[in-house]
2 protein chains.
Amino acid sequence: MARLSDVIEDFIKALLKETDTGIEIQRNELATYFKCVPSQINYVIGTRFTAEKGYFVESKRGGGGYISIKSVSIKKPYEYLMHIILSMGDEISQQSAEIYLNNFVDYNIITKEDSQIIKAAISNGALRKVDSEKRDMVRVDIFKNIMMSMIV
Amino acid sequence: MARLSDVIEDFIKALLKETDTGIEIQRNELATYFKCVPSQINYVIGTRFTAEKGYFVESKRGGGGYISIKSVSIKKPYEYLMHIILSMGDEISQQSAEIYLNNFVDYNIITKEDSQIIKAAISNGALRKVDSEKRDMVRVDIFKNIMMSMIV
DNA sequence: TATAATAAGGTCAGAGATAGTCAAAGGAAG
DNA sequence: CTTCCTTTGACTATCTCTGACCTTATTATA
């Protein structure tokens, strides 16, 4: 018979697979669901979701408390960004770039603050001295450079 | 269940974002709005808007009383950055820009991560399509644009 | 004025809601 | 039978929310 801890481990991993942003669970709720004592959840997390194994766990006690688990591999949206970068053409308009950036924010790949910085870097205002027919080319270079710097 | 304290925290932060001068709130009014006891407002302020987190809180009792909250982390870098921006010439080399950035990091004005992003944005690599004699001019524009975006 | 009434905000301890720790008991594998 | 992993539960720590009671400032009134 499979050990309960393994079942809980699989359950949490399945939850993690369904989201790109990490999960947030309630210890007592999970314990109730699996009909075990709450501390068993700690046991599972302590033995299966360690930093060494690529997980980042945070928690908070008190009312509205939670345990959040993130897979560190999610932190590197390497492939997604790489795909975007490679699929980007030789030029990009300010508008299109901002659409990309808004998506990155929505998908939690970059923070809103970073998106502001990047928008400032690639705005027409910042590039006003670049010949207008070259501007979109320069913009895509800056954009790709920034993105590359973020996945390293 | 989302914690009420977090909701109130977000509400206050949203108010703060809308103004550069700090906000002034009425404790009872806020409490009524969120259907909680007034002292919960104190709790939120005491736990989320501490000096350590970069907020300056003042209050006054009695008729016409209020609680004022100011974000101090924004004000100081503002003047410093503004000074830097204004004193910057019409062009800047990649090397000089990086020296500035390293200083900003040392003085805790920007994070190391942000400095990486900015370095990527203004590197010669990112600007390779810009005519080399114009490159330092474009770089300073991007640099100033980013800095301006950060103090808003 | 001096005093009372009113209108704020402040404090603190306790209740409630979660999560964490640790040691002992239970079981499976060798 | 020994060792190592799992399960349990008593006890602890932390965070949130509430309410009773306190302090201070302003305004009205004698």
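Just so it is clear, the model here is predicted, and its values are computed rather than measured.
Nucleotide D:dG9 holds its P atom 14 Å from the CD1 atom of A:I41, rounded to whole Å. Computed from coordinates, the B:L4 CG to D:dC15 P distance equals 18 Å when rounded to whole Å.
The residue B:G65 sits close only to the backbone: its heavy atoms come under 4.0 Å of sugar-phosphate atoms, none of a base. Using a 4.0 Å heavy-atom distance criterion, B:Y43 is classed as a base contact. Contacts of A:I67 with the nucleic acid, taken as non-hydrogen atoms under 4.0 Å apart, involve only primed sugar atoms and P, OP1 or OP2.
The shortest distance between the side-chain N/O atoms of B:S5 and the OP1/OP2 oxygens of D:dC17 is below 4.0 Å. For the pair A:Q40 and D:dT6, the criterion of a side-chain N or O lying under 4.0 Å from OP1 or OP2 is not met. Listed pair A:K60 / D:dT16 meets the phosphate criterion, a side-chain N or O lying under 4.0 Å from OP1 or OP2. Side-chain nitrogen and oxygen atoms of B:N28 include at least one within less than 4.0 Å of the OP1 or OP2 phosphate oxygen of C:dG9.
Taking only distance into account, the side chain of B:R27 never meets the base of C:dA8 through a donor-acceptor pair shorter than 3.5 Å. You'll find a donor-acceptor pair under 3.5 Å spanning the side chain of B:S39 and the base of D:dG19, going by distance alone. With hydrogens and angles left out, the side chain of A:R3 and the base of D:dT6 share no donor-acceptor pair within 3.5 Å.
Taking every side-chain heavy atom of B:V37 into account, D:dG19 is the closest of D:dT8, C:dG10, D:dG19.
Judged by distance alone, the side chains of A:K119 and A:N102 do bring a donor and an acceptor atom under 3.5 Å apart. No side-chain N or O of A:S123 forms a donor-acceptor pair with one of A:Q94 less than 3.5 Å apart.
Outside the 6.0 Å centre-distance limit, the rings of A:F56 and A:F49 are not counted as a close aromatic pair.
Residue order along DNA chain D, read from the 5' end via each residue's closest nucleotide, puts A:V44 first among A:V44 and B:R61.
Ion pair A:D10/A:K13 not flagged as a salt bridge, since none of the NZ, NE, NH1 or NH2 atoms sits closer than 4.0 Å to an Asp/Glu carboxylate oxygen.
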